[in-house]
A.B. asks: 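Sending over a structure as structure tokens; questions will come in a sec.
Computed from a predicted model, the values in this text were never measured in an experiment.
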Amino acid sequence: MCIQSDSEKINKGLFGGTEIVYAGAALTPRWLVWAVRGTKAQTAVLSALLADIVVQDYAQLSFAKLVADTGLNVGGKFTDVSENGSAFIDLGIGPEAERFKELVISAVQEAKK
């Protein structure tokens, strides 16, 4: 399954402003691959074997109370990265985003068996 989202982030404070973030992700039986591009950030393309990562619904994290957003928090070993890392995949709102989250979480759990 693949998903794509465009979101507008409004940053408050001294360096506030609006940023448009474009994200796309693909789930295969063994891999999670995603790309992110923002109007204020460089493009990043990442991938990971499902067995090497932990994924969480961002909305379920305590940090979501401070910074509201929707998507997946991914942690673990990414392809061609020497140390474990973490990343956020912005999935947007809607039934497709919810379905993608469910599929990724389930696939990662299955890969660890």
Side-chain angles (χ1 to χ4, degrees):
M1 180 175 184
C2 297
I3 192 165
Q4 184 271 327
S5 71
D6 301 340
S7 61
E8 184 175 357
K9 308 291 182 196
I10 299 171
N11 299 321
K12 298 177 182 174
L14 182 62
F15 299 104
T18 301
E19 179 178 17
I20 306 297
V21 178
Y22 307 97
L27 176 65
T28 76
R30 294 186 58 215
W31 293 90
L32 179 61
V33 180
W34 66 100
V36 180
R37 181 173 66 94
T39 54
K40 295 182 179 179
Q42 288 188 316
T43 300
V45 180
L46 299 162
S47 65
L49 282 168
L50 298 177
D52 292 343
I53 57 174
V54 174
V55 293
Q56 297 171 289
D57 181 346
Y58 178 82
Q60 303 302 315
L61 301 176
S62 58
F63 192 70
K65 293 180 178 105
L66 300 172
V67 180
D69 215 331
T70 59
L72 286 171
N73 193 59
V74 181
K77 183 171 176 12
F78 301 156
T79 306
D80 292 334
V81 178
S82 59
E83 295 182 20
N84 285 356
S86 65
F88 173 72
I89 304 174
D90 189 339
L91 299 177
I93 300 171
E96 298 86 6
E98 291 302 315
R99 177 78 175 127
F100 190 81
K101 274 193 275 191
E102 292 170 7
L103 286 172
V104 172
I105 290 168
S106 176
V108 168
Q109 291 170 348
E110 221 20 67
K112 294 188 181 300
K113 290 182 179 178

A.B. asks: What residues, two or more places apart in sequence or in another chain, satisfy side chain to side chain donor-acceptor pair (under 3.5 Å) together with Thr28?
C.D. replies: none
A.B. asks: Identify, with sequence neighbours excluded, every residue that meets side-chain contact (heavy atoms from CB on, under 4.5 Å) alongside Ser47.
C.D. replies: Trp31, Val33, Thr79
A.B. asks: Would you name the heavy atoms of Ile53 and Val108 that are closest together and state the gap between them?
C.D. replies: O-CG1, 3.3 Å
A.B. asks: If you link I, L, V, M, F, W and Y whenever their side-chain heavy atoms are under 4.5 Å apart, who else ends up in the same group as Val54?
C.D. replies: none
A.B. asks: Is it the case that one hydrophobic cluster holds both Leu103 and Ile105, taking links as side-chain heavy atoms less than 4.5 Å apart, direct or via other members?
C.D. replies: yes
A.B. asks: Would you list the pairs meeting side chain to side chain donor-acceptor pair (under 3.5 Å) in which at least one residue belongs to residues 104-113, sequence neighbours left out?
C.D. replies: Glu110-Lys113
A.B. asks: Do Val45 and Val81 belong to the same hydrophobic cluster, where Ile, Leu, Val, Met, Phe, Trp and Tyr are linked whenever their side-chain heavy atoms lie under 4.5 Å apart, directly or via other members?
C.D. replies: no
A.B. asks: Measuring only between side-chain heavy atoms, which start at C-beta, is Asn73 closer than 4.5 Å to Val55?
C.D. replies: no
A.B. asks: Using the test side-chain contact (heavy atoms from CB on, under 4.5 Å), find all partners of Ala111 that sit at least two apart in sequence or belong to another chain.
C.D. replies: Leu50, Ala51
A.B. asks: Which heavy-atom pair separates Ala25 from Trp34 by the least distance, and what is that distance?
C.D. replies: CB-CB, 3.9 Å
A.B. asks: Indicate, with yes or no, if Tyr58 and Leu27 share a hydrophobic cluster defined by side-chain heavy-atom contacts under 4.5 Å among Ile, Leu, Val, Met, Phe, Trp and Tyr.
C.D. replies: no
A.B. asks: Holding to side chain to side chain donor-acceptor pair (under 3.5 Å), I want the full list of residues that pass it with Thr39, two or more places apart in sequence or in another chain.
C.D. replies: none
A.B. asks: Using the test side chain to side chain donor-acceptor pair (under 3.5 Å), find all partners of Asp6 that sit at least two apart in sequence or belong to another chain.
C.D. replies: Gln4
A.B. asks: How long is the gap from CG on Asn84 to NZ on Lys77, to the nearest 0.5 Å?
C.D. replies: 7.5 Å
A.B. asks: Could you tell me the separation between the CZ atom of Arg30 and the CG atom of Leu49, rounded to the nearest 0.5 Å?
C.D. replies: 5.5 Å
A.B. asks: Output the distance between atom CG (Leu32) and atom CG (Asp52), rounded to the nearest 0.5 Å.
C.D. replies: 12.0 Å
A.B. asks: Side-chain atoms of residues 88-100: list all donor-acceptor pairs with protein atoms under 3.5 Å, sequence neighbours left out, distances to 0.1 Å.
C.D. replies:
from: Asp90; atom 1: OD1; to: Gly92; atom 2: N; distance (Å): 3.1
from: Asp90; atom 1: OD2; to: Ser7; atom 2: OG; distance (Å): 2.7
from: Asp90; atom 1: OD2; to: Lys9; atom 2: NZ; distance (Å): 2.7
from: Glu98; atom 1: OE2; to: Lys101; atom 2: NZ; distance (Å): 3.0

